[in-house]
Amino acid sequence: MPELPEVENVGRALLANLQGRRLTGLKVSFAGVLDPSAAAVRRRLVGARLEGLHRRGKYLILHFAHDDGRPAYLMLHLRMTGQIFILDGYVPDKHVHLVMDFEGLPVHYRDIRKFGRLSLVEDGYEPAAMAHIGPDMLTVPARQWLERIVRRRGPIKACLLDQGIASGLGNIYVDESLFLARVHPLARPCDIEEAELREVLRRAKQVLRLALRHGGTTFMNFTNFQGKPGNFRRKLRVYGRAGQPCRDCGASLEKITVAGRGTVYCPRCQPDPS
DNA sequence: CGACTGGCCTGCTGGC
DNA sequence: TGCCAGCAGGCCAGTC
Ligand SMILES: [Zn+2]
């Protein structure tokens with residue numbers, strides 16, 4: 001599922017292929033992915049040029065401008081299974097909901113579970129729709145992140161998934177970050193030493209940067225912009241490895257549910273907080 | 001306000 | 001071989 005590194009790669013791909021091009025047409029086969037409506041998106045965007053984009057966490061905002069200077073902003077969130085294909089000879093299947101035409105170059109939006117959204121917003125950086133989204137996890141200063149998390153009483157895993165504290169981590173990289181920081185997913189930030197919290201942030205940034213370099217983690221639902229699968233999955237330490245031996249100590253990795261998500265951790269490397 | 005839960009969706013898997 | 005329950009999870013609305 002696309003997390004920060006995958007979304008960053010999508011953004012780079014969009015810029016590399018489409019910057020300066022004009023959106024000349026929009027074919028909609030499932031309007032539910034467009035907010036507030038297919039008609040509104042078409043009216044606002046068709047005819048405008050893609051000038052740039054901005055990413056915060058897993059959100060992308062595409063910056064368009066019409067010839068008269070009028071701006072238009074489209075916020076994109078891929079959620080679980082959203083994908084964008086800009087590939088020669090791509091044949092859309094039943095899960096392709098949009099085809100955006102950029103002066104003859106077709107851009108396909110595909111989403112098996114239909115959780116993803118493309119929303120018109122009023123600002124290119126701080127739209128109202130993102131008012132509750134915290135700073136980007138990759139760049140948030142440690143001091144700011146600590147202020148936002150240090151008094152929380154819920155499980156640290158739930159806090160790392162809470163995009164209002166900092167944005168960008170999903171289930172995969174949360175489990176990886178906590179393993180690397182040797183912190184139990186149920187530990188509470190309000191009980192954790194500051195140095196240990198700092199280590200969680202440091203590891204989270206490290207994991208995100210590493211995944212970015214490797215083109216992201218690819219399951220069956222993400223293809224990076226060259227159409228090649230990302231190869232970060234091989235490097236995962238705990239995610240998807242329940243019951244297998246810890247790569248550090250050999251103990252059998254355990255699986256529990258935290259914040260409604262499957263959670264894998266090493267009972268020896270990440271000792272119980274109680 | 002913070003913590004927690006259910007619902008949205010579809011494809012895949014395992015049990016019978 | 002087919003059927004179906006259960007699982008996967010990011011985010012939001014609703015509840016306490
Ligand atoms: Zn271990």
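Letters A, B, ... are given to chains in the order of the sequence lines, protein chains preceding strands, and every chain is numbered from 1.
- The residue Gly262(A) sits close only to the backbone: its heavy atoms come under 4.0 Å of sugar-phosphate atoms, none of a base.
- Side chain of Gln270(A) to backbone of Pro267(A): no donor-acceptor contact under 3.5 angstrom is found.
- Contact annotation: side chain of Arg261(A) to base of dA8(C), donor-acceptor pair absent below 3.5 Å.
- For the residue pair Arg203(A) / Gln206(A), a side-chain donor-acceptor distance below 3.5 Å is found, with atom types taken as modelled.
- Checked against dC11(C), dA8(C), dG9(C), the side chain of Lys255(A) finds its nearest nucleotide in dA8(C).
- Evaluation of the ring-ring contact (aromatic ring centres under 6.0 Å, His included) rule for Tyr90(A) yields Phe85(A), His108(A) as partners, not counting sequence neighbours.
- A distance of 6.0 Å or more separates the ring centres of His95(A) and Tyr109(A).
- For Lys94(A), no side-chain nitrogen or oxygen approaches OP1 or OP2 of dT10(B) to under 4.0 Å.
- For the contact set between residues 121-130 of chain A and DNA chain B, defined by any heavy atom under 4.0 Å, there are no members.
- Contact between the side-chain N/O atoms of Lys114(A) and the OP1/OP2 oxygens of dT10(B) is found at a separation under 4.0 Å.
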Please list each protein N or O that sits under 3.5 Å from an N or O in nucleotides 3-5 of chain B, with the distance.
from: dA3(B); atom 1: OP1; to: Arg153(A); atom 2: N; distance (Å): 2.6
from: dA3(B); atom 1: OP1; to: Gly154(A); atom 2: N; distance (Å): 3.2
from: dA3(B); atom 1: OP2; to: Arg152(A); atom 2: NH1; distance (Å): 2.6

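- When distances are taken from the side chain of Gln163(A) to each of dC11(C), dT10(B), dG10(C), the shortest belongs to dC11(C).
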